[in-house]
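Reviewing the structure listed below.
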Amino acid sequence: MTIAEILKAIRVENIVGTTDRELKGIHMDSRLIREGYLFVAVKGTQADGHAYIGKAIDNGATAVVCEDLPEVLAEGVTYVQTGDTEEAVGKLATAFYGDPTSKLDLVGVTGTNGKTTIATLLYNMFRQFGYKVGLISTVCNYIDGEAIPTDHTTPDPITLNQLLGRMADEGCKYAFMEVSSHAVAQKRIGGLRFAGGIFTNLTRDHLDYHKTVENYLKAKKAFFDGLPKDAFALTNADDKNGPVMVQNTRAKVASYSLRTLCEFKGKVLEDGFEGMLMDINNKEVNVQFIGRFNASNLLAVYGAACLLGKRPDDVLLILSTLRPVNGRFDALRSPKGYTAIVDYAHTPDALVNVLSTIQEVLRGQGRIITVVGAGGNRDKGKRPIMAQESARLSDKVIITSDNPRFEEPQDIINDMLAGLGKEELRKTLSIVDRREAIRTACMMAEAGDVILVAGKGHEDYQDVKGVKHHFDDKEVIREQFENEK
């Protein structure tokens, strides 16, 4: 692709140099630029790409897209000025990788909780339908059966288009993708065409970035505002923000609910730690999931599959065979007769969902022991709330380290403890070492009790001072189970 061809995707204000040269690649990270690449200088939240134009040219960039021209222009390099490089980079990447979303049906899932479960279950379901399918998620990216490791919920626009391009080239008919609020705000999905969007729910999260819940909501809503008119917008009618998300969309609107009449209506008839019996649109189905929040997730999966043209009975049949996603309400049975549940819950609302579900299934026949922490260098305001909700809905609480990142673990724990009153503190321990905290919970548990280990779910590391050390909640629990035999 020539410089001239790729520039058709954006609004150009000024060009210095020739545009007939072939491009071999595109990137916004100067360290990844090679001979014949296009470098896009983006003013990001952490650094300004304009400061690295020289480095990109040293690494072989033959063209630069920027908002401000450098004072000194290198000979033989083409400079292109545009008003907003953050917006331009997605469109340039889409053009370079051959507009992959014109060749497959891409469905985005957004909301505070449930994104990973819904996107992954749709991926698994459509593979069972016999299609080649792609997945872009927090846990892992997949090109049909090939796993591609991931660092972000939604990758940068160039990695994203590269992934989608490979999916299209390898014959994927569908792709399911988690769409984070950061990705919308930072225009990482610019240039992509979605066949559908799903809204799960909205509660407090990422306020370290968005500052206010209103800004967070606007970022989510912008995704639906941008859907084309031939797409679908599936929203959760049980969340007060559900109708808000789709009020300005051009897409075909549908909703799902456990409470009210709508296109995709569900009800939990029976529940237990082995699964649930549900009524979905007046058909009964046994599923291998636990809890009302999962019932809601399954309704979203059912609704999206139907909106993508699948027969409802066929969808229900596959729904009954699907298993929970790794680290999402993952139940392990102890030799001592208690249950340990590993869950990614790392927001107050997610904790309430999981703990309320455990209470509903236990029906007062056992105690709940919760092991919980909070991530470092993230929204500090949710820390005392998470401690409060854990204490309110548990019999015992152990507050411990999560991913402290560049904060001191004890400081994070102190922020959580500050939210507790005298009565709540009486049922609460604090143990900085997460391994020791989990072991302590296991030793405290008796037959019939449930331990919830919250916050990390599928993660197999702890992020401490910029280094990821191997740590897996489930591994620690299984080691403790071995000691109990």
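None of these values were measured; they are calculated from a predicted model. Sequential numbering from 1 along the given sequence is applied to the chain's residues.
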Does [X] reach the main-chain N or O of [Y] with its side chain, forming a donor-acceptor pair under 3.5 Å?
X	Y	result
R250	D230	no
Q162	Y97	no
D330	I341	no
E13	Q81	no
E5	T2	yes
N248	D225	no
T78	T18	yes
K265	L261	no

Fill in the blank from the handout: Residues passing the ring-ring contact (aromatic ring centres under 6.0 Å, His included) test with H458, sequence neighbours excluded, are Y344

Can you list every ring pair (Phe, Tyr, Trp, His ring centres under 6.0 Å) pair that touches [range], not counting sequence neighbours?
range	result
residues 310-329	F293-F329
residues 301-321	F264-Y302
residues 101-134	Y123-Y142, F126-F129, F126-Y174, F126-F176, Y131-Y174
residues 61-92	none

Practice task
Could you tell me which non-hydrogen atom of I6 sits nearest to which non-hydrogen atom of A95, and how far apart they are?
Solution key: CG1-CB, 4.1 Å

Completion exercise
Correct closest heavy-atom pair for C140 and L135 would be O-CD2, 4.0 Å

Handout entry: side chain to side chain donor-acceptor pair (under 3.5 Å), paired with K456, selected from D472, D402, N403
Key = N403

Handout entry: Single hit among D84, D68, T85 for side chain to side chain donor-acceptor pair (under 3.5 Å) with K43
Key = D68

Acceptor/donor pairs from residues 23-32 side chains to any protein atom, 3.5 angstrom cut, sequence neighbours excluded:
| unit_1 | atom_1 | unit_2 | atom_2 | d |
| --- | --- | --- | --- | --- |
| H27 | ND1 | D29 | N | 3.2 |
| D29 | OD1 | R31 | N | 2.9 |
| D29 | OD1 | R31 | NE | 3.0 |
| D29 | OD2 | R31 | NE | 3.4 |
| D29 | OD2 | R31 | NH2 | 2.9 |

Practice task
Evaluate whether atom NZ of K229 has more than 12 neighbouring non-hydrogen atoms of other residues, nucleotides or ligands under 6.0 angstrom away.
Solution key: no

Practice task
Drop me the distance from S296's OG to N353's CG, to the nearest 0.5 angstrom.
Solution key: 9.0 Å

Practice task
Determine, stepwise, if the pair E170 / K132 fulfils salt bridge (charged side-chain N to carboxylate O under 4.0 Å, His left out).
Solution key: CA-CA 8 Å; E170 294 185 28; K132 285 190 172 183; over 6 Å; no

Problem - NZ or CZ of K468 within 45° of Y461 ring axis and under 6.0 Å - result: yes

Contacts of type salt bridge (Lys or Arg N to Asp or Glu O under 4.0 Å), residue [X], not counting sequence neighbours:
X	value
D144	R127
K103	none
D463	none

Handout entry: Residue pairs fulfilling side-chain hydrogen bond (donor to acceptor under 3.5 Å, both in side chains) with at least one residue in residues 87-96, sequence neighbours excluded
Key = E87-K91, T94-N161

Exercise for the section: Only counting residues at least two apart or in another chain, list the ones meeting side chain to side chain donor-acceptor pair (under 3.5 Å) with S320. Expected result: none

Handout entry: Any residue meeting side chain to side chain donor-acceptor pair (under 3.5 Å) with S102, in chain and number order, not counting sequence neighbours
Key = none

Exercise for the section: Dump the intermediate steps for salt bridge (charged side-chain N to carboxylate O under 4.0 Å, His left out) on D313 and K283, then the final yes or no. Expected result: CA-CA 9 Å; D313 285 353; K283 295 278 182 76; 2.8 Å; yes

